[in-house]
Amino acid sequence: MADRVPGRVGVMGGTFDPPHLAHLVAGAAARAVLGLDRVIFVPAGDPWRKRWRPVTPPAYRLRLVEAALEPLGSWAEASALEVERPGPSYTWETLAELERENPGEERWVVLGADALADLPDWHRPREIVARARIAVVERPGLEEGGTGAVQGAVPGIEARLDRVPMPALRVSASDLRRRVRGGLPTSPLLPQRVRRLVDELGLYR
Ligand code: ATP
Ligand code: MG
């Protein structure tokens with residue numbers, strides 16, 4: 001990897017099964033509002049919080065993310081860190097790896113309000129908050145978790161939170177998978193190049 005000036009970096013994790021417009025808008029909003037140099041989209045290799053449902057193989061989801069990011073420009077990067085790391089995908093471990101690669105960078109974990117509400121149940125949430133600030137975007141249509149429970153469960157998180165406004169997009173990967181299966185239209189919430197790859201790989205049928 002080329003030498004980089006230490007910068008401000010967003011880390012957007014997810015299952016990305018498949019990646020959709022709201023993921024891209026969230027990343028772009030975080031970049032604009034926080035003045036980030038780049039946003040790294042990190043598909044989870046083993047999204048252990050989703051073991052209750054079948055998940056598309058990680059290598060395919062990484063390809064879908066790469067396809068989704070293609071039109072965005074060099075600020076948006078796909079990372080294979082979690083796809084290549086064995087074992088359950090833990091965000092604190094990803095942050096530690098990024099820190100080793102690029103010491104001195106300032107990092108933000110970018111996530112939706114639903115994911116923030118879930119943060120206390122992630123692995124080592126205190127370490128996540130110690131290693132990164134948290135950029136949270138609103139998520140319409142899902143239960144508003146609020147930050148009350150999170151504040152109780154992860155001490156000091158309020159001081160590490162940055163709220164990032166973004167245009168409300170009522171879209172989820174779950175709904176898009178259903179739409180593909182049901183033969184319903186998915187554009188433009190599922191970017192066309194992602195849809196093409198979904199069909200090529202025969203996913204969600
Ligand atoms: P699924 O329905 O399979 O859970 P998803 O649409 O929630 O998929 P994820 O990969 O689970 O997508 O989410 C990755 C990140 O993107 C999470 O932080 C989530 O909160 C955020 N996110 C997903 N959809 C939206 C949305 N419509 N608005 C804001 N944030 C979103
Ligand atoms: Mg989700």
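All residue numbers in this chain count up from 1 along the given sequence. Order of listing sets the numbers, starting from 1, for every ligand and every atom in it.
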ask   = Do Trp108 and Asp162 have side-chain atoms, one donor and one acceptor, less than 3.5 Å apart?
value = yes

key: Enumerated ligand 1 atoms positioned under 4.0 Å from heavy atoms of Arg53   = 3 (O)

query = What residue and atom, counting heavy atoms only, is the protein's closest point to atom 11 (O) of ligand 1, and at what distance?
reply = Lys50 NZ, 2.8 Å

inquiry  = Considering non-hydrogen atoms of the protein only, which is the closest contact for atom 8 (O) of ligand 1, and what is the distance?
reply    = Ala173 CB, 3.1 Å

ask   = Hey, is Arg170 one of the residues with a heavy atom under 4.0 angstrom from ligand 1?
value = no

key: Ionic contact status for Glu105 with Arg100, cut-off 4.0 Å   = no

ask   = Do Arg38's NZ or CZ and the ring of Trp75 fall within the cation-pi criteria of under 6.0 Å and 45°?
value = no

message = Within the structure, is a non-hydrogen atom of Gly13 found at a distance of less than 4.0 Å from ligand 1?
response = yes

remark   = ligand 1 atoms nearer than 4.0 angstrom to some heavy atom of Ser172 are 2 (O), 6 (O)

query = Starting from atom 9 (P) of ligand 1, which protein heavy atom do you reach first, and at what distance in Å?
reply = His23 NE2, 3.7 Å

request  = Decide, yes or no, whether a salt bridge links Glu99 with Arg131 under the criterion of side-chain N to carboxylate O below 4.0 Å.
outcome  = yes

query = Would you say the side chains of Asp17 and Thr56 form a donor-acceptor pair under 3.5 Å?
reply = yes

Atom 1 (P) of ligand 1: nearest protein contact (heavy atom, Å) = Ser174 OG, 3.4 Å

key: Ile157-Tyr90 co-clustered via ILVMFWY side chain contacts under 4.5 Å   = yes

request  = Please work out whether the ring planes of Phe41 and Phe16 are parallel, tilted or perpendicular, with thresholds of 30° and 60°.
outcome  = tilted

query = Any idea which atoms of ligand 1 are less than 4.0 Å away from a heavy-atom of Leu111?
reply = 18 (O)

task = May I ask you to check whether Val171 has an N/O atom sitting below 3.5 Å from an N/O atom of ligand 1?
result = yes

ask   = So, does Arg177 use its side chain to make a donor-acceptor pair with the main chain of Arg205 at under 3.5 Å?
value = no

note = protein heavy-atom neighbour closest to atom 3 (O) of ligand 1 works out as Arg177 NH1, 3.1 Å

task = Identify the two heavy atoms, one from Ala29 and one from Pro165, that lie closest to each other, and give their separation to 0.1 Å.
result = CB-O, 3.7 Å

inquiry  = If the cut-off is 4.0 Å to any non-hydrogen atom of Ala115, which atoms of ligand 1 fall inside it?
reply    = 18 (O), 20 (O)

Residue of the set Leu111, Val150, Val164, Val110 for which side chain to side chain contact (heavy atoms under 4.5 Å, CB included) holds with Val136 = Leu111

query = Below 3.5 angstrom, do we get any N/O pair linking Phe16 and ligand 1?
reply = yes

query = Who's the nearest protein heavy-atom neighbour of atom 29 (C) of ligand 1, and how far?
reply = Glu138 O, 3.4 Å

inquiry  = At less than 4.0 angstrom from any non-hydrogen atom of Asp114, what atoms of ligand 1 do you find?
reply    = 19 (C), 20 (O)

ask   = Tell me: protein heavy atom nearest atom 22 (N) of ligand 1, and distance?
value = Arg139 NH1, 3.7 Å

inquiry  = With respect to Thr15, determine whether any N or O atom, backbone or side chain, lies less than 3.5 Å from an N or O atom of ligand 1.
reply    = yes

remark   = Atoms of ligand 1 under 4.0 Å from any heavy atom of Ala22, numbered from 1 in the order shown, are 25 (C), 26 (C), 27 (N), 28 (N)

remark   = The atoms of ligand 1 lying under 4.0 Å from a heavy atom of Met12, numbered in the order shown, are 15 (C), 16 (O)

query = Do the charged groups of Arg61 and Glu66 touch, with an N to O distance under 4.0 Å?
reply = no

ask   = Does even one non-hydrogen atom of Val137 get within less than 4.0 Å of ligand 1?
value = yes

Heavy atom of the protein closest to atom 21 (C) of ligand 1 (residue, atom name, distance) = Gly112 N, 4.0 Å

Per-atom contacts, ligand 1 versus Gly14 - under 4.0 Å to a heavy atom = 10 (O), 14 (C)

message = Under 3.5 Å, is there a donor on one side chain and an acceptor on the other for Arg85 and Thr94?
response = yes

pair Leu69-Leu24: side-chain heavy atoms closer than 4.5 Å = yes

